[in-house]
Amino acid sequence: MNFKKIKQKIKDVYLIKQFPREDNRGALRRHFCEERFKDLNLIIKIKQINISQNYSKHTLRGFHYYKKPNEEDKIVSCIKGSIYNIVLDLRKNSPTIHKWQYFQLSDSDNKSLFVPKGCANAYLTLEKNTWILYYHSKFYNTKYEASINYNDPYFKFKWPFKPRVISKKDKMNPFFKNL
């Protein structure tokens with residue numbers, strides 16, 4: 001089973017297209033393969049895998065990232081439902097610093113999103129009962145956890161719908177100018 005790496009406008013951010021095998025029983029899709037990812041120069045040492053279950057349409061999570069020395073790569077996949085996902089480049093030496101890009105991911109598109117170290121990630125669910133699968137290259141550590149407000153005026157994020165469900169923590173995320 002093969003993968004295709006699709007370059008995006010933000011440096012080192014990629015969509016990963018998976019090609020399922022199908023027959024009369026259904027389909028089998030390889031979601032991750034260290035060997036195949038290495039062939040694509042996507043080297044990620046997976047330390048943790050999480051599933052985020054979102055019960056309501058228009059649930060917002062993010063913007064989350066980790067500070068040095070605990071920066072992490074992550075792979076984000078929507079395995080049930082659909083999301084509007086934004087990646088924000090916060091890497092100091094990046095040619096795309098402070099740029100952001102949105103992606104729509106769904107359970108039927110056979111795509112994942114590679115988010116590199118130093119980029120923040122947020123998403124808004126577009127359907128009820130949406131599930132997100134994350135592969136993380138570092139263990140969760142609150143000491144290095146960081147965030148930016150989803151509605152930060154500095155970045156002028158464009159969300160397709162007004163978020164209806166947001167955690168207290170994410171509502172209180174700082175604005176960029178206050179970091």
Side-chain angles (χ1 to χ4, degrees), residues 3-18 30-34 36-54 59-107 109-126 130-142 144-150 152 155 157-160 163 167 169-170 173 176 179:
F3 299 92
K4 181 179 179 183
K5 179 172 85 171
I6 306 164
K7 189 176 178 178
Q8 300 302 305
K9 73 179 186 179
I10 296 178
K11 184 180 180 342
D12 301 325
V13 172
Y14 299 99
L15 278 173
I16 303 166
K17 175 77 175 155
Q18 299 127 8
R30 181 171 293 160
H31 202 262
F32 175 80
C33 176
E34 183 178 18
R36 296 289 174 256
F37 274 48
K38 192 180 284 187
D39 292 344
L40 297 173
N41 279 335
L42 287 173
I43 312 300
I44 182 170
K45 297 293 182 191
I46 296 171
K47 300 289 186 185
Q48 192 168 303
I49 300 172
N50 297 320
I51 293 177
S52 169
Q53 293 177 251
N54 302 275
T59 297
L60 187 128
R61 293 185 188 246
F63 280 93
H64 303 143
Y65 65 103
Y66 287 91
K67 296 178 186 176
K68 290 181 180 181
N70 209 58
E71 292 178 302
E72 70 173 359
D73 295 316
K74 67 176 93 171
I75 297 172
V76 179
S77 304
C78 183
I79 58 173
K80 186 175 183 182
S82 60
I83 60 171
Y84 180 93
N85 193 102
I86 295 178
V87 176
L88 169 63
D89 190 348
L90 296 172
R91 298 167 293 177
K92 289 186 173 135
N93 296 320
S94 173
T96 53
I97 188 169
H98 299 162
K99 303 285 186 217
W100 59 272
Q101 184 175 357
Y102 75 88
F103 303 87
Q104 277 197 235
L105 299 174
S106 74
D107 56 11
D109 65 11
N110 297 321
K111 292 180 185 170
S112 297
L113 182 61
F114 180 81
V115 181
K117 293 174 178 76
C119 288
N121 193 70
Y123 67 82
L124 180 72
T125 61
L126 302 175
T130 294
W131 293 27
I132 308 306
L133 176 70
Y134 295 96
Y135 295 166
H136 301 269
S137 67
K138 295 282 187 174
F139 295 110
Y140 177 74
N141 186 329
T142 57
Y144 300 105
E145 190 175 29
S147 56
I148 291 177
N149 195 283
Y150 77 97
D152 194 312
F155 296 108
F157 300 118
K158 291 181 175 64
W159 296 101
S167 71
K169 183 178 176 183
D170 282 348
N173 285 344
F176 181 71
L179 293 176

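Within 6.0 Å of CH2 in Trp131 there are 12 or fewer heavy atoms belonging to other residues, nucleotides or ligands. Surrounding NZ of Lys67 are at most 12 heavy atoms belonging to other residues, nucleotides or ligands under 6.0 Å away. Heavy atoms of other residues, nucleotides or ligands lying less than 6.0 angstrom from CZ of Phe32 number more than 12.
With sequence neighbours excluded, the residues that form a side-chain hydrogen bond (donor to acceptor under 3.5 Å, both in side chains) with Gln18 are Arg29, Ser112. Residues satisfying the salt bridge (Lys or Arg N to Asp or Glu O under 4.0 Å) test with Lys169, not counting sequence neighbours, are Glu145. Under the rule for a salt bridge (Lys or Arg N to Asp or Glu O under 4.0 Å), the partners of Arg36 that lie at least two apart in sequence or sit in another chain are Asp39. Residues that satisfy the side-chain hydrogen bond (donor to acceptor under 3.5 Å, both in side chains) test with Asp170, not counting sequence neighbours, are His64, Asn173. Under the rule for a side-chain contact (heavy atoms from CB on, under 4.5 Å), the partners of Lys111 that lie at least two apart in sequence or sit in another chain are Leu15, Lys17, Leu105, Asp109. Checked against side-chain contact (heavy atoms from CB on, under 4.5 Å), Gln104 has the following partners two or more places apart in sequence or in another chain: Tyr84, Leu126. In this structure Ser106 satisfies the side-chain hydrogen bond (donor to acceptor under 3.5 Å, both in side chains) test together with Ser108, sequence neighbours excluded. Not counting sequence neighbours, Tyr14 has no partner by the ring-ring contact (aromatic ring centres under 6.0 Å, His included) test. Not counting sequence neighbours, the partners of Lys45 by the salt bridge (Lys or Arg N to Asp or Glu O under 4.0 Å) test are Glu34. Listed by chain and number, the residues in a side-chain contact (heavy atoms from CB on, under 4.5 Å) with Ile49 are Ile46, Leu133, Tyr135 (sequence neighbours excluded). Remark: Asp73 engages Lys117 in a side-chain hydrogen bond (donor to acceptor under 3.5 Å, both in side chains) (not counting sequence neighbours). Listed by chain and number, the residues in a salt bridge (Lys or Arg N to Asp or Glu O under 4.0 Å) with Arg91 are Asp12, Asp89 (sequence neighbours excluded).
Between Lys4 atom NZ and Asn110 atom CG the span is 13.5 Å, to the nearest 0.5 Å. Interatomic distance, NZ of Lys38 versus CD1 of Ile44, reported as 13.5 Å (0.5 Å rounding). Separating the CD1 atom in Ile132 from the CD1 atom in Ile83 is a distance of 4.0 Å, to the nearest 0.5 Å. Residue Leu113 holds its CG atom at 9.5 Å from CD1 of Ile75, rounded to the nearest 0.5 Å. Going from atom CG of Asp152 over to atom CZ of Phe176 covers 8.0 Å, rounded to the nearest 0.5 Å. Interatomic distance, Cys33 SG to Leu42 CG, rounded to the nearest 0.5 Å: 12.0 Å.
Taking each heavy atom of Ile86 and Lys158 in turn, the nearest pair found is CD1-O, 4.3 Å. Residues Tyr123 and Ser52 share a closest heavy-atom pair of OH-OG, 2.8 Å. Shortest non-hydrogen contact noted between Asn121 and Val115 is OD1-CG2, 3.8 Å. Contact record, Lys11 with Pro116: O-CG, 4.2 Å, taken as the closest heavy-atom pair. Between Arg61 and Gln53 the shortest heavy-atom distance is NH2-O, 3.3 Å. Of all the heavy atoms in Ser147 and Tyr65, the pair that sits closest is N-CE2, 3.7 Å.
Residues Lys138 and Tyr66 form no side-chain contact, since every pair of their non-hydrogen atoms from C-beta on lies 4.5 Å or further apart. Residues Phe103 and Gln8 are in side-chain contact: their nearest non-hydrogen atoms beyond the backbone lie under 4.5 Å apart. Here the side chains of Leu90 and Ile148 are in contact, with some heavy-atom distance below 4.5 Å. In this structure the side chain of Thr130 never reaches within 4.5 angstrom of the side chain of Thr59, judged on heavy atoms.
Remark: aromatic rings of Phe157 and Phe63 are close, center separation under 6.0 Å.
Trp159 contributes no side-chain N or O that, together with a main-chain N or O of Leu60, makes up a donor-acceptor pair within less than 3.5 Å. For the pair Gln101 (side chain) and Lys9 (backbone), a donor-acceptor distance under 3.5 Å is present. With Ser94 contributing its side chain and Thr96 its backbone, the two residues share a donor-acceptor pair below 3.5 Å. Within the 3.5 Å criterion, the main-chain N or O of Asn70 finds no donor-acceptor partner in the side chain of Glu72.
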